[in-house]
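Each ligand, and each atom within it, is numbered from 1 in the order the structure gives.
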Amino acid sequence: MDFDTLMSVICQMQKNIAENREYLSDLDRAIGDGDHGINMDRGFREVMKKLEGSSINTPADLLRTVGMTLAFKVGGAAGPLYGTAFMKASEAVKGKETVSLDDLLPMLDRAIEGIQLRGKAVRGEKTMLDALIPAKEALDQALAEGLAGDDALDAMIKAAEEGAEYTKTIIATKGRASYVGERSIGHMDPGAASSCLLLNAIKTHA
Ligand code: ADP
Ligand code: MG
């Protein structure tokens with residue numbers, strides 16, 4: 001994936017979020033304060049503004065800029081968490097002209113590490129991590145089994161979506177949703193849902 005393709009992935013992420021703004025806010029309305037769609041949509045619109053006419057031309061700079069914009073322009077918990085994720089992912093492709101499927105694994109790894117460093121959550125607390133960690137593990141396994149590009153990405157996305165589904169069955173113990181305790185059962189975590197939308201954007205342009 002060259003720089004322009006990576007740029008298309010970021011644009012696709014913005015589209016996916018914009019198209020699902022209400023859906024994400026509805027999910028957040030059930031267990032949080034109903035702003036996740038608005039937060040994410042605002043963040044990615046700011047990203048697009050920042051990138052338009054910019055002279056950024058490496059994958060690492062692109063990801064770092066996305067991360068900084070999300071971290072500093074988005075209110076709520078998810079902005080700084082996703083911001084850290086993109087900034088950390090950028091470190092995994094430092095100095096590279098292109099990004100391959102093999103780079104995606106360390107990128108995801110760093111992103112998850114960043115989210116955990118900042119948010120102190122682990123798997124099973126009903127957060128974006130419950131989509132992202134299974135996604136990373138599935139990608140790891142797919143690559144180890146020698147699956148080709150699209151099949152590996154399909155496996156990654158399927159695991160993320162199953163992880164997001166699984167968040168319906170557990171109680172939130174981190175973030176705002178932890179305030180509603182047991183009442184969070186039955187509802188999908190909005191951050192897990194937005195993570196699926198972001199990962200899906202990779203597939204569209206890979
Ligand atoms: P806020 O909760 O401040 O209103 P958002 O609604 O934008 O922010 O984001 C909520 C999402 O952030 C949750 O659905 C969850 O996935 C994620 N989240 C919250 N706290 C954490 C955390 N400590 N670690 C990982 N993800 C978290
Ligand atoms: Mg919220």
Student: Evaluate the side-chain proximity of E46 to F72: yes if any heavy-atom separation is below 4.5 Å, no if none is.
Tutor: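 No, too far: nothing below the 4.5 Å cut-off.
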Student: Heavy-atom distances under 4.0 Å are what count here, so tell me which part of V74 touches ligand 1: side chain, backbone, both or neither.
Tutor: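 Near ligand 1, V74 shows nothing, with every heavy atom at 4.0 Å or more.
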Student: Identify, by atom number and element, the atoms of ligand 1 in contact range of A77, meaning under 4.0 Å from any of its heavy atoms.
Tutor: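 This gives 1 (P), 3 (O), 8 (O), 19 (C) as the contact atoms.
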Student: Do me a favour and list the nearest non-hydrogen protein atom to atom 27 (C) of ligand 1 with residue, atom name and distance?
Tutor: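 The protein heavy atom lying closest is L81 CD1, 3.3 Å.
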Student: Considering both backbone and side-chain atoms of A121, is one of its nitrogen or oxygen atoms within less than 3.5 Å of a nitrogen or oxygen in ligand 1?
Tutor: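 Such a contact does not occur with ligand 1.
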Student: Taking 4.0 angstrom as the limit and counting only heavy atoms of D35, give me the atoms of ligand 1 inside it, by number and element.
Tutor: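 Numbered from 1, ligand 1 contributes 4 (O), 5 (P), 6 (O).
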Student: Give, rounded to 10 degrees, the angle between OD2 (D28) and OD1 (D35) as seen from the Mg ion (ligand 2).
Tutor: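 Output for this angle: 90°, rounded to tens.
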Student: In terms of atom number and element, which parts of ligand 1 are under 4.0 angstrom from non-hydrogen atoms of D28?
Tutor: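 The list of qualifying atoms is 6 (O).
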Student: Considering distance alone, does some N or O of K120 sit under 3.5 Å from an N or O of ligand 1?
Tutor: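 The answer is no, given that K120 and ligand 1 share no N or O pair closer than 3.5 Å.
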Student: What I want to check is whether the side chains of S184 and Y179 have a donor and an acceptor closer together than 3.5 Å.
Tutor: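 Short answer, no.
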Student: Answer with side chain, backbone, both or neither: which part of N39 has a heavy atom less than 4.0 angstrom from an atom of ligand 1?
Tutor: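 The answer is the side chain.
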Student: Can you tell me the protein heavy atom closest to atom 13 (C) of ligand 1 and the distance?
Tutor: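 Nearest neighbour among protein heavy atoms for atom 13 (C) of ligand 1, to 0.1 Å: D189 OD1, 3.4 Å.
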